[in-house]
Each structure stands twice: as structure tokens, then as C-alpha cells.
Amino acid sequence: MDWFVFVVAGALAIAGALGVVLSRNPVHAALMLVMSLLAVAVLFVEQKADFLAAVQVIVYAGAIVVLFLFVIMLIGVDRPESLTVEPLRGQRPFAAFIGVAAFAELFFLVRLQGASGRRASAGSLTSGHESNVERLARPLFTHYLLPFELTSALLVVAVVGAVVLSRRERAVTVDEGEG
Amino acid sequence: MVPGSWFLGLAAILFTIGAVGLLVRRNVLVMFMCVELMLNAVNLTFVTFARMLDDIGGQVVVFFVLVVAAAEVVVGLGIIVAIFRRRHDATADDVFALRG
């Protein structure tokens, strides 16, 4: 049963990722991204990361992809892009070479090394009777409290930055009107 | 239980697809989606290591990666909208100056 779930979810994740790269229409690419993200959420559940799977569905598949679709619709780039023309000569073979090299490197790392090294001792994943949310919350609010507070600052900066970037430049005309 | 190395191999495949897509595609939005694919593959790796080492720390790291990815998407899409307002085109070839 574990293998069945893994094979189906893994195949869906790879198919979604290929769909993002190969689809000509950005809207189709966004929907393929949703498929890949949901399949990875299933793999999270299989590895005892229940809370992260829920967050993955809500934040990634819910919020981020909807944001992508909003921008696609807003600026009207839903016209398809031709994948057959190659703007830079030799770019595709070079990209394929980089891809093969990166995959071979990662694959041999997985085969040769596996999971080694010291544990962070932030808490066990399986022992005891706590739920996954409780296990995740305890180190988050004790050992990792400072990074957690820094993420709140990061989110505020991101919101302010997005507002500043997407603001229309009317300040000049207002100043002229006052002067 | 499926061995962790299979999950790591799957994450390697997903990361490679995202990296090649980032290099090949010209549409800025699709390139951005490929970055999300790569981040997602790394998240899968962290969750797999958390299970293999029986340590919740990997899942805490994924939590932070999710927050940073959300902030990154907000700022990146803001930049894309700002570029579109000036240039009305979507390919990375047209953006060659910091101030257009």
C-alpha cells in the first residue's frame, strides 16, 4: 500500500513538473504546478508530516498558485509561447547538459551517502503520543523562536515591498498640483 | 514503508526538471514557477531526512522555507507587474537593464 501511494504520487509529481516546463500556455503551467504540489503533499502525509501537508495545500496550492493566476490574468500574458524557436544558440543542449550533470550528482549523493550526520535533537518524530502539530510547535516556539520572529519581520517587509513595487507613480503629479 | 532513498531520488528528479525548465523557458512567470518546483523538491528532501533521522528539525526547516517562498513570490510577482507596466512583454530577453 505504501509503495502504491508512493508510485502514484511520484508519477503525478513528475508529470506535473514536466507539464510546467513543457506547456506553452502559462495558465496550463500554473495548473500543472498545482498537480505537482498536491502530489508532493501526499508524499508529505506518507512521511508523517501531516501539518506540513496541510500547509502545502493551503499556502502553495491555495495562495501562491492563485497569486500566479491573478498576475497572469492581470497582465494578460496568457498567449502561448513558441517552444520550438531557440533564442540563444546552443542554450538547449547546454541546459540539458547542466540538468544531466546536476541529476547525476544528486543521484550519486543519494546512493553513496544516504542520511548521515548528527541529529539536531529538536525532538523525535515517532516516540511518544503527541500529534504532529504538537511535535512541530514545541521546538518552533522554544528552540527556533528567534528565526520564527524574524520570519514575521520578513513577511512585513515583503508586504511593504509588494505595495511599493505595484504602486502607480502618481506622486509626481500630486506634487505638481500642490506647487 | 518505502525506503527514504527512493524519496530522495524522486526529489532529485523534481529538482532537475525545475532547474532545466528555469534555464530553457523564456517566460518570466514560467521561470518563476520552475523556481517553486525546485523549492518544493528541497522541501521533500528535508521531510525525508526528518523521517530517516527520526528528528522533527527537518520539518521545522520546511516550515521556514514555506514562509520565505511565500515572501519571495509576493516580491517577485510585484517586480514582474512593475516590469510589465513599462515594457508590455513577458520574455526574459527584454529585461537587460535594471532601470528600463
Side-chain angles (χ1 to χ4, degrees), chain A residues 2-3 6 10 13-14 17-18 20-21 26 29-30 33 36-37 40 43-44 47-49 52 55 59 64 67-68 71-72 74-75 77 81 87 92 95-96 98-99 102-103 106-107 110 114-115 119-126 135-136 139-140 144 147 151 154-155 158-159 161-162 165-166, chain B residues 1-2 4-10 12-21 23-27 29-30 32-34 36-37 40 43-44 47-57 59-60 62-64 66-75 77-82 84 90-91 93:
Chain A
D2 281 339
W3 278 100
F6 174 76
I14 292 175
L18 286 176
V20 172
V21 177
L33 184 65
S36 185
L37 295 174
V40 173
L43 294 174
F44 280 3
Q47 303 202 80
K48 301 189 181 67
L52 289 177
V55 170
V59 173
I64 290 183
L67 207 57
F68 269 112
V71 172
I72 291 171
L74 187 69
I75 57 190
V77 286
E81 168 193 9
R92 296 265 164 87
I98 295 266
F103 178 71
L106 291 170
F107 192 74
V110 169
R119 293 172 44 178
S121 68
S124 172
L125 194 60
T126 49
R135 287 175 206 278
L136 194 61
L140 194 62
Y144 294 97
T151 55
L154 177 73
L155 285 175
V159 168
L165 279 171
S166 58
Chain B
M1 203 76 196
V2 182
S5 56
W6 285 81
F7 284 96
L8 295 178
L10 176 67
I13 294 173
L14 288 176
F15 186 89
T16 309
I17 293 173
V20 172
L23 290 172
V24 167
R25 292 301 298 260
R26 315 302 304 164
N27 189 323
L29 281 164
V30 179
F32 215 19
M33 291 179 202
C34 291
E36 296 302 315
L37 274 180
N40 214 43
N43 280 350
L44 183 60
V47 170
T48 307
F49 278 136
R51 195 198 76 188
M52 288 169 85
L53 295 172
D54 189 24
D55 193 326
I56 199 76
Q59 296 193 7
V60 177
V62 173
F63 183 82
F64 288 126
L66 281 168
V67 176
V68 174
E72 171 232 335
V73 164
V74 168
V75 175
L77 288 179
I79 292 173
I80 290 175
V81 170
F84 265 85
T91 58
D93 298 323

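The structure displayed is predicted, hence computed values, not measured ones. Chain identifiers are assigned alphabetically (A, B, ...) following the order of the sequence lines, protein sequences preceding nucleic acid strands; residue numbering begins at 1 within each chain.
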Practice item. List for me each residue that meets side chain to side chain donor-acceptor pair (under 3.5 Å) alongside B:Glu72, sequence neighbours excluded, and say none if there are none. Key: none
Review point. Is it the side chain or the backbone of A:Pro147 that comes within 4.5 Å of chain B heavy atoms, both, or neither?
Key: both
Study note, to complete from the structure: Between the CD1 atom in B:Ile56 and the NZ atom in A:Lys48, the distance rounded to the nearest 0.5 Å is 11.0 Å
Check your understanding: In Å and rounded to the nearest 0.5 Å, what is the CG to CG distance from A:Leu37 to B:Leu37?
Key -> 7.0 Å
Exercise for review: Identify which part of B:Ala19 has an atom lying under 4.5 Å from any heavy atom of chain A, answering side chain, backbone, both or neither.
Suggested key: neither
Revision key, fill the gap. Ranked by heavy-atom pairs below 4.5 Å to chain B, first place among A:Leu154, A:Asp2, A:Thr151 goes to A:Asp2
Exercise for review: Inspect the surroundings of CZ in A:Phe107 and state if more than 12 heavy atoms from other residues, nucleotides or ligands are less than 6.0 Å away.
Suggested key: no
Revision key, fill the gap. CG (B:Leu8) and CG (A:Leu106) are apart, to the nearest 0.5 Å, by 10.0 Å
Review point. Looking at the rings of B:Phe63 and A:Tyr144, which for Trp means the six-membered one, are their centres under 6.0 Å apart?
Key: no
Review point. Checking B:Leu14 against chain A: side chain, backbone, both or neither under 4.5 Å from a heavy atom?
Key: side chain
Exercise for review: For the residue pair A:Leu52 and B:Val47, establish whether any side-chain heavy-atom pair is separated by less than 4.5 Å.
Suggested key: yes
Point to revise | B:Ile13 versus chain A, the contacting section by heavy-atom distance below 4.5 Å | key: both
Review point. With sequence neighbours left out, what residues match B:Phe15 under ring pair (Phe, Tyr, Trp, His ring centres under 6.0 Å)?
Key: none
Study note, to complete from the structure: Pair count under 4.5 Å, heavy atoms only, with chain B: among A:Val55, A:Val59, A:Ile64, highest is A:Ile64
Point to revise | Stepwise side chain to side chain contact (heavy atoms under 4.5 Å, CB included) check, B:Ile17 with A:Leu18 | key: CA-CA 7 Å; B:Ile17 293 173; A:Leu18 286 176; 4.0 Å; yes
Point to revise | Segment of A:Ile98 engaging chain B (4.5 angstrom heavy-atom cut-off) | key: side chain
Review point. Does B:Arg25 reach the main-chain N or O of A:Val21 with its side chain, forming a donor-acceptor pair under 3.5 Å?
Key: yes
Revision key, fill the gap. Under 4.5 Å to a heavy atom of chain B? For A:Phe6 that would be side chain
